[in-house]
Amino acid sequence: MAEAQLDTAQAERKLAYVNAITEGVREVLLEQPDAFVAGEDVAGAGSVFGYYQGLLEQFGPERVIDTPISEKGIMGLGIGAAATGCRPIIDLMFMDFLGECMDEVANQMAKMRYMFGGHAKLPVTVLTMSGAGMSLAAQHSQSLEAWLTHLPGLKVVAPATPYDAKGLIISACRDDNPVFVILNKLSLALEGPVPEGAYEVPIGKANVIREGTNLTIIAFSRMVHEALQAADQLKEHGIDAEVIDLRSLQPLDTDTIVASVKKTHRAMIVHEAVRFGGFGGELAAQIQELAFDYLDAPIGRVGAPFSPVPYSPSLEQSYMPNAKRIVAETRRLIGI
Amino acid sequence: MAEAQLDTAQAERKLAYVNAITEGVREVLLEQPDAFVAGEDVAGAGSVFGYYQGLLEQFGPERVIDTPISEKGIMGLGIGAAATGCRPIIDLMFMDFLGECMDEVANQMAKMRYMFGGHAKLPVTVLTMSGAGMSLAAQHSQSLEAWLTHLPGLKVVAPATPYDAKGLIISACRDDNPVFVILNKLSLALEGPVPEGAYEVPIGKANVIREGTNLTIIAFSRMVHEALQAADQLKEHGIDAEVIDLRSLQPLDTDTIVASVKKTHRAMIVHEAVRFGGFGGELAAQIQELAFDYLDAPIGRVGAPFSPVPYSPSLEQSYMPNAKRIVAETRRLIGI
Amino acid sequence: MTIQATDAVLLDMHERMVRIRIFEEEAGKLMENGKVPGALHLYVGQEAVASGVMVHLNDDDHITSTHRGHGHVVAKGGAFKEMYAELYGKADGYCKGRGGSMHICNMEIGMLGANGIVGGGIPIAMGAAFAKKYRKTQEVAVSFFGDGASNEGSFHEAANMAALYKLPLILVCENNGFGEYTRQDAHQAIVDVADRAAGYGMPGVVVDGMDAIAVYEAAGEAVARARKGEGPTLLECKTYRYYDHVGVRGMGLSYRTDEEVEHWKQRDPITMLESRLVEQGILTKRKITNIHKRIREDAKQAIEFAEKSPLPDPSELLDDVYYVQA
Amino acid sequence: MTIQATDAVLLDMHERMVRIRIFEEEAGKLMENGKVPGALHLYVGQEAVASGVMVHLNDDDHITSTHRGHGHVVAKGGAFKEMYAELYGKADGYCKGRGGSMHICNMEIGMLGANGIVGGGIPIAMGAAFAKKYRKTQEVAVSFFGDGASNEGSFHEAANMAALYKLPLILVCENNGFGEYTRQDAHQAIVDVADRAAGYGMPGVVVDGMDAIAVYEAAGEAVARARKGEGPTLLECKTYRYYDHVGVRGMGLSYRTDEEVEHWKQRDPITMLESRLVEQGILTKRKITNIHKRIREDAKQAIEFAEKSPLPDPSELLDDVYYVQA
Ligand SMILES: Cc1ncc(C[n+]2csc(CCOP(=O)(O)OP(=O)(O)O)c2C)c(N)n1
Ligand SMILES: Cc1ncc(C[n+]2csc(CCOP(=O)(O)OP(=O)(O)O)c2C)c(N)n1
Ligand SMILES: [Mg+2]
Ligand SMILES: [Mg+2]
């Protein structure tokens, strides 16, 4: 069912995001004998988030592998094995741990093919968990996609729904390039339709999930749901917002974004990461360049304020972007 | 001579960028007994770039310390020593090696004060070398400031001139926060006026180094000189460009940038880093938001294309942003 | 030439151990009852390690800790009130509610912070030890970390540098047999983490981490060595955590047997020390009961304090990102 | 139960060593004459290591290398033409001019790349070894790295994992006494890097890296062990680089004495092997001269090839960032 154009509406069965991840990985392990999962507590525990549970039993310890707490080693394992014929699925438990293996990611994984003049192929997929909201504080709550999207050689996707989580994992693992699949911890229990069997969600295609006429809200990962809520609320203020779920950050579906903004004349970008220096800057820069004459208002950006993620619920709640802030920021920028 | 408002024109003496770095560090070691320099080959060799030469002889091996090749260890040394009363100057030989110590930088150094509720002070300065142009290929030529500017808790400066190199190093080392001083390897031989003795270049203040009326070029580090050349060339096309040398990326002197763009109505951002996901995105996003009604053309961005830095001179030359590309991109955007 | 624990030291260690035990039991209850947010990694079972090491330290000796950090804070002299308040995410917490369980710290007593990054504290402690040598003090730094952390590059780099510079650092590996749910033999092919010491050129010592006196003696030698300028020691303490990796019952995985847990509880560090104290006539059973009662009461009051402490005001969200000159 | 080097093996090693020596001498000249850009880290002096290990390997055995990688590429069977072309940054280079000296590779002969990051190749070789075991082959992976690299976290993490999973990996530490300009005793407090092996649960072996036969024997055991599924070995080869850290004369620093260099040259690996070959009647002096001449001629022709090869076309700048399905 490669490149299936399954209509989400068709899929009757509902599944939680966490289980959609499991299914995606299971499909890959079923179809690709050279694929295996390696990471900290992925086998016996089935990941601390539970999304590999059952895979050890189904595929055995040779294909679902617990590793030491050695992120450089784990990432190196993925790179070396991918360069020599395997298709590793590497689990980086929390995205916050990227710092521990950023050399392997940035200087080896992303660049190897290019530095080698095209004489290497690296079909490695990294699954990692981002996001705040569980009082896990500054070192277990970050959204660091901006580090990755700045790295030629990597692909980066960030599913917002169970459907996309499964489909993007399958696409990522079938891709012959390194792909980061950024998951979101507050979304784990989120339910949505998920077809059985293998299907792909194309990497590089954004999804217009709500049509609208006079504002484009661009979001990804969990912020998509906040954007949808904001769109509902904005209706009361006479704003009919289109919502784009990017799904893929690299490659970026600039065409879909620009076409929408040319139609709506306004854009609001939302991500959970710190606003300053975040991926939203790239989006805003591209939009203003490519749709300059169409813009009726400055492009807005909603992101986290410029601080580490705080622990206390009272602070964390006011730290995280949400529908309310999207609405407020939209109203401020548009002046209504 | 704190916060000296030394006029660069006053300073007769010329010094190369590499020697200005040495002088900056020397002044700090002279004035601060708790300051020391630690890094790979900083003592015996005086750095592979030569900018610590003479310091070992002057200050002895207790204050100029060669370390093992252990970037995590070195950064940890800086953090731990800073938190307990020293004022370390840490040398990270190539900025490309950030990946080896990104956890220490992002999760410890940047966040410690905040996570500890303000009960820690980290007066640590990191000197590191960025930039391409010497055929050092993908792992020794990068400009990765965008990883750092996205991290609340860090300050980030990038001097373009010998004067600023010395002054910003002194300001950085007197600051009680972690500061990254991003140096540039192609600039090492660049000469410019440098006063004797200690002086500060304020962190967070941009420098309007060329006044102009109908375009603002915003650059930092070596690209400032390309921007100046471009400004000269643009004159022939009827464009009178103002050039801003940011000097400090975090904190960012938004006021100076926005005031200039409101005056010139056009902006062109230049950095050596990969354009996609680079710091230019943040700049463009802020400018279009804060000067929306003043813009007569889309904000342009010149940066490196989306690939690792290539080795071959023929490729590297066409990879690196330069005056010619700034001119071409300006003309394309403005339509002249 | 072992350092003998005096009666006063035994009492001191006992006090610290009971304080840790009670702090953690109450913290576990708070978590189970949904009173505190986030993730707590409880130290129960490992009390002898923190206490046996910490009795050798002064406030100007620095330690770094781990995600399982409460025990180290308590043993270093942390106050229940500010600790519970921090777990609650309250304004009176040690970190004003910004850090929580995994970042709890107290610079005044030389507690350089728990750390959410496995191995993250080790290079920092090495840096603190470097500063101590640089400033020509007699102070030492101690880094606590787990068996799992000994596989991180940060351990390796910091250990090598500590040995190279002969820093006053004690690397205390609390080998509780697991990194999360992964048993030691599934994360390293060695039995004694202390075997790694030789590869750096420092002594490696294995000690029974359930026996406070054994820890005290071994740590005493390591600390003395460090104070004398003779360099670092890797001290491995074999121990066990009674509760799950996170919280009390955690994810409910069956990665170890009840028998195994019971087996270790037979050698409970507090019970063992108390037997010794009674045997030697240093304490009576009744006095021991009173100590527990007093500390339980402390905890109760501290929890009340934490309950009443206000949540941090969102207007302060951006404070303390940077140091700002007053 | 050492593996004895046959005459054919001795000749093979000799050929590889002379090829490395001549390749590097010519490369050094090119750099001094400004013919090639960037930074070359020459391997001269260390030839016995690459050659003594590589004679045990087949094309499907993988190696990773370092910034000082030419010797490994040559010994693994790399062609002078494509190698010089790469140093020139030409289109016919192994990496089409994109990688240069520090990233030279050849996947067809199992050469997984030089690496500009010190220690960067070690986890990658471990990953290759993992794949070999996963695919149930008899192949091995070898990672070459320096004494300086043994202080990087990447060494530690990869070594631990290799031992844990009993991977067919040989960790070859070429201890040339320096990391750049820093002497070994200024970067680690140990003399033998091999002492680190015990801390991972693998054998550590020290061998005279100037003696090709000694390297051959020790590597043979390590490779045999790996092929039999008995796990990794840390093989430390004591060696020396004749030229500066970078290029021939480098920065002109006085970090070592001429006497020291001369002392090592007394035990030149090629001279020593050639004496042996002559003694044993395997080669005559004249044949040796001819071998050198032939290889020098090869180098000359390859350099001409590289000179003539076109520079890569800037229009290809963005090719190969990603794999694109044909
Ligand atoms: C760099 C990093 N990797 C992984 C984790 C997730 N994690 C938290 S605790 C833990 C286990 C640590 O084991 P150990 O060091 O033995 O300490 P213990 O929990 O047994 O006290 C892991 C893997 C982390 N916090 N940081
Ligand atoms: C991560 C990293 N840190 C530092 C460097 C700079 N550097 C290049 S070679 C080198 C010395 C390496 O020493 P060693 O591993 O002993 O290899 P040798 O040069 O002696 O062959 C250093 C520090 C680097 N390339 N990568
Ligand atoms: Mg443990
Ligand atoms: Mg060396």
Side-chain angles (χ1 to χ4, degrees), chain C residues 117-120 122-123 126 129 133 145-167 169 171 173 175 179 182-206 225 229-234 236, chain D residues 117-120 122-123 126 129 133 145-167 169 171 173 175 179 182-206 225 229-234 236:
Chain C
I117 297 297
V118 168
I122 312 175
M126 184 271 291
K133 182 165 182 181
F145 57 95
D147 50 308
S150 74
N151 299 325
E152 284 281 11
S154 44
F155 162 76
H156 178 71
E157 298 189 8
N160 182 62
M161 288 172 76
L164 174 67
Y165 300 132
K166 277 191 177 255
L167 300 183
L169 179 68
L171 295 166
C173 180
N175 185 346
T182 300
R183 202 173 275 273
Q184 190 194 354
D185 64 12
H187 74 61
Q188 52 191 203
I190 53 172
V191 173
D192 294 332
V193 175
D195 285 352
R196 296 196 167 162
Y200 306 109
M202 68 171 85
V205 180
V206 180
R225 234 179 83 79
E230 291 170 9
T233 301
L234 174 55
E236 177 183 8
Chain D
I117 297 297
V118 169
I122 312 175
M126 184 271 290
K133 183 165 181 182
F145 57 94
D147 49 308
S150 74
N151 298 325
E152 283 280 13
S154 43
F155 161 77
H156 179 69
E157 298 189 7
N160 181 62
M161 287 172 76
L164 174 67
Y165 299 132
K166 277 190 177 257
L167 299 184
L169 179 69
L171 295 165
C173 180
N175 184 347
T182 301
R183 202 173 275 272
Q184 190 195 353
D185 64 10
H187 73 63
Q188 51 192 201
I190 53 171
V191 173
D192 294 331
V193 175
D195 285 353
R196 295 197 166 161
Y200 306 109
M202 69 171 85
V205 180
V206 179
R225 233 179 84 78
E230 292 170 7
T233 301
L234 173 55
E236 178 183 8

Notebook entry, point to check: Does any heavy atom of chain C fall under 4.5 Å from the side chain of D/Phe155, the backbone, both, or neither of them?
Noted result: side chain
Note to self: At a 4.5 Å cut-off on heavy atoms, which part of D/Asp192 comes close to chain C: side chain, backbone, both, or neither?
What the structure shows: neither
Check: Can you find a heavy atom in the side chain of C/Val206 that is under 4.5 Å from one in the side chain of C/Glu236?
Finding: yes
Item checked: Beyond-backbone contact of C/Asp147 with C/His187, side-chain heavy atoms, under 4.5 angstrom -> yes
Note to self: Below 4.5 Å, heavy-atom pairs only: which of D/Gly201, D/Ala197, D/Gly231, D/Ala189 has the largest tally toward chain C?
What the structure shows: D/Ala189
Checklist line | Check: D/Arg225 and D/Pro203 side chains under 4.5 Å, non-hydrogen atoms | finding: yes
Item checked: Atom group of D/Ala163 that falls short of 4.5 Å from chain C, counting heavy atoms -> both
Margin query: Please identify, among D/Asp185, D/Asn160, D/Ile190, the residue contributing the most non-hydrogen atom pairs under 4.5 Å to chain C.
Written below: D/Asn160
Check: Does the side chain of D/Met202 reach to within under 4.5 Å of the side chain of D/Leu171, using non-hydrogen atoms?
Finding: yes
Notebook entry, point to check: Side chains of D/Lys133 and D/Lys166: does their closest heavy-atom pair fall under 4.5 Å?
Noted result: yes
Notebook entry, point to check: Heavy-atom distance under 4.5 Å between the side chains of D/Tyr200 and C/Arg196, does that happen here?
Noted result: yes
Next item on the list: Among D/Val191, D/Asn151, D/Val193, D/Asp195, single out the residue with the greatest number of heavy-atom pairs under 4.5 Å to chain C.
Entry: D/Asn151
Note to self: Is C/Ala158 close to chain D through its backbone or its side chain, or both, or neither, when contacts mean heavy atoms under 4.5 Å?
What the structure shows: neither
Checklist line | Under 4.5 Å from a heavy atom of chain C, the part of D/Ala194 involved | finding: neither
